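What follows is a short report on a single structure.
Given the structure is predicted, the values throughout are model-derived calculations rather than measurements. Computation of the quantities below employed the complete heavy-atom set of this structure, encompassing side-chain atoms and omitting hydrogens, waters and symmetry-equivalent molecules.
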Amino acid sequence: MSFFSDPATPFAALLVAALATYFWRGLGVMLSHRLSADQPLFHWVSAVAFAMLAGLIARLIIFPGGALAETELPDRLAAAVLTLAIFYWSRKNLALGVFAGAGAFILLSWGRSL
């Protein structure tokens, strides 16, 4: 019996992955009381994270992959604009914005397929 055909292998891999993940999380929790979130480094990290997220969203809208690539660009843009509008109109209610944008995207895409 080889190592990879052993039924315990996936569980061992899961255990190793969990230990590696929780080790670093635990270390972060232990060291977090020494850090201040008002430091310039944390502001920079936050700005970079938001910029990466904005870039990813823009890429998904303009250059989609998979099933999303089969939809029309105006539908994706209209849904994104509606999502932002509802998000800000509802005083930054994320769930309402996402559901409104998703619903608009589904209706716009469905309307084109008829």
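- Among residues at least two apart or in separate chains, side chain to side chain donor-acceptor pair (under 3.5 Å) pairs with a member in residues 60-85 are Thr71-Arg76, Asp75-Arg112.
- At distances below 3.5 Å, not a single donor-acceptor pair connects side-chain atoms of Ser109 with backbone N or O atoms of Ile106.
- Residues Val45 and Val48 share a hydrophobic cluster, clusters being chains of Ile/Leu/Val/Met/Phe/Trp/Tyr side chains in contact below 4.5 Å.
- Residues Gln39 and Ser36 are in side-chain contact: their nearest non-hydrogen atoms beyond the backbone lie under 4.5 Å apart.
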* side chain to side chain contact (heavy atoms under 4.5 Å, CB included) between Asp38 and Phe42: does it pass, once the steps are laid out? -> CA-CA 7 Å; Asp38 293 330; Phe42 285 105; over 6 Å; no
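- When all heavy atoms of Ala78 and Leu108 are compared, the closest pair comes out as CB-CD1, 3.7 Å.
- Residues in residues 11-35 take part in no side chain to side chain donor-acceptor pair (under 3.5 Å) pair, two or more places apart or across chains.
- Minimum heavy-atom separation, Ser90 to Leu96: CB-CD2, 3.5 Å.
- Rounded to the nearest 0.5 Å, atoms CD1 (Ile61) and CZ (Phe105) are 9.5 Å apart.
- One finds the CG atom of Leu68 at 13.0 Å from the CZ atom of Phe63 (value rounded to the nearest 0.5 Å).
- Remark: Leu27 CG to Phe23 CZ distance equals 5.5 Å, nearest 0.5 Å.
- Connection of Leu41 to Met52 is established within a shared hydrophobic cluster, with ILVMFWY side chains joined at heavy-atom distances below 4.5 Å, either directly or through further cluster members.
- Hydrophobic cluster membership of Val81, counting Ile, Leu, Val, Met, Phe, Trp and Tyr whose side-chain heavy atoms lie under 4.5 Å apart directly or via other members: none, as it forms a cluster of its own.
- Note that CZ of Phe99 is 9.5 Å distant from CG of Leu94, once rounded to the nearest 0.5 Å.
- A distance of 7.0 Å separates CG of Leu31 from CG of Leu35, quoted to the nearest 0.5 Å.
- Scanning both residues, Gly101 and Ala79, for their nearest heavy atoms gives O-CB, 3.6 Å.
- Atom CD1 of Ile57 sits about 13.0 Å away from atom CZ of Arg59, to the nearest 0.5 Å.
- Heavy atoms only, all atoms of each residue included: Leu82 and Ala100 are closest at CD2-O, 3.7 Å.
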